[in-house]
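This report concerns only the one structure given below.
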Amino acid sequence: MKSLKKIAFVVLATSTLAFGHGDVTPQAVETKGLAKISEDVIINPFRDNEVAIEIGKGAYNTNCARCHGLGAVSGGVAPDLRALDAADDDIDEYFITKVKEGAVRNGNVYMPPFGEVLSAEAIWAIRSWLETLPTDDL
């Protein structure tokens, strides 16, 4: 009986670890209502744009929350994106580049590249939503 419990535990643990992370395939984002922008824009063109902020909230929840946390409150696994200065153009460039290209260190993928799935409009919409979040508890 102990052997059966051990096997059941191993199967449960393995399936939880294998499937518990959820679907990590980047999902396309509908950006209807946003102006088309060039892929080489490095400063957020949608800052304070209410339509972009709403689209960005949904896009974040679909593509980013599983690693960066609900409401962008990180649990320590991935960076807390609320800490990115909202009005810093250098951070804008860093953000768009990191989202498009992902992050790999020493051959380990820390963040998959989203550039082939998310449009520039979707990425900037996410950044616009992140800029609206309170940072009091950082």
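- Asp92 has its side chain out of reach of Val41: every pair of non-hydrogen atoms, C-beta onward, lies at least 4.5 Å apart.
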Worksheet item: Would Leu130 and Phe95 satisfy side-chain contact (heavy atoms from CB on, under 4.5 Å), going step by step from the backbone distance to the final call?
Response: CA-CA 11 Å; Leu130 289 168; Phe95 183 83; 3.7 Å; yes

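- Summarising the local packing, OH of Tyr110 is surrounded by more than 12 heavy atoms from other residues, nucleotides or ligands at distances under 6.0 Å.
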Inset, instruction - List the steps and the verdict of side-chain contact (heavy atoms from CB on, under 4.5 Å) for Arg82 and Leu138. - result: CA-CA 8 Å; Arg82 299 172 303 153; Leu138 288 175; 3.3 Å; yes

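- Taking every heavy atom of both residues into account, Ile53 and Ser128 meet most closely at CG1-O, 3.8 Å.
- Asp89 places no side-chain N or O within donor-acceptor distance of the main-chain N or O of Ile43, the cut-off being under 3.5 Å.
- Distance alone, capped at 3.5 Å, is enough to place a donor-acceptor pair between the Arg47 side chain and the Ala86 backbone.
- No donor-acceptor distance shorter than 3.5 angstrom exists from the side chain of Asp80 to the backbone of Val73, with no hydrogens or angles considered.
- Here OG of Ser38 is found 9.5 Å from CD of Glu121. Values are rounded to the nearest 0.5 Å.
- A salt bridge links Lys100 with Glu39: at least one charged nitrogen is closer than 4.0 Å to a carboxylate oxygen.
- For the atom pair CG (Leu118) and CD1 (Ile126), the distance works out to 5.5 Å, reported to the nearest 0.5 Å.
- The CZ atom of Arg66 sits 10.0 Å away from atom CG of Asn61, with the distance rounded to the nearest 0.5 Å.
- Side chains of Met111 and Cys67 form no contact here, defined as non-hydrogen atoms less than 4.5 Å apart.
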Any chance you could lay out the side-chain contact (heavy atoms from CB on, under 4.5 Å) test for Thr62 and Val29, step after step, and finish with the verdict? CA-CA 9 Å; Thr62 302; Val29 174; 5.8 Å; no

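- Distance check, rounded to the nearest 0.5 Å: OG of Ser119 to CD1 of Ile37 gives 7.5 Å.
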Item checked: Test log, rule side-chain contact (heavy atoms from CB on, under 4.5 Å), inputs Glu131 and Asn44 -> CA-CA 10 Å; Glu131 292 174 353; Asn44 187 356; 3.5 Å; yes

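- In this structure, Arg127 forms no cation-pi arrangement with Phe46, as its terminal cationic atom is not both closer than 6.0 Å to the ring centre and no more than 45° off the ring axis.
- Distance CD1/Ile91 to CG/Leu81: 11.0 Å, rounded to 0.5 Å.
- From Lys36, atom NZ reaches atom OG1 of Thr31 across 7.0 Å, with rounding to the nearest 0.5 Å.
- For Asp48, there are no side-chain contact (heavy atoms from CB on, under 4.5 Å) partners, not counting sequence neighbours.
- Minimum heavy-atom separation, Gly33 to Val51: O-CG1, 4.1 Å.
- Checked by atom type and distance alone, the side chain of Thr132 pairs as donor or acceptor with a backbone atom of Trp129 at under 3.5 Å.
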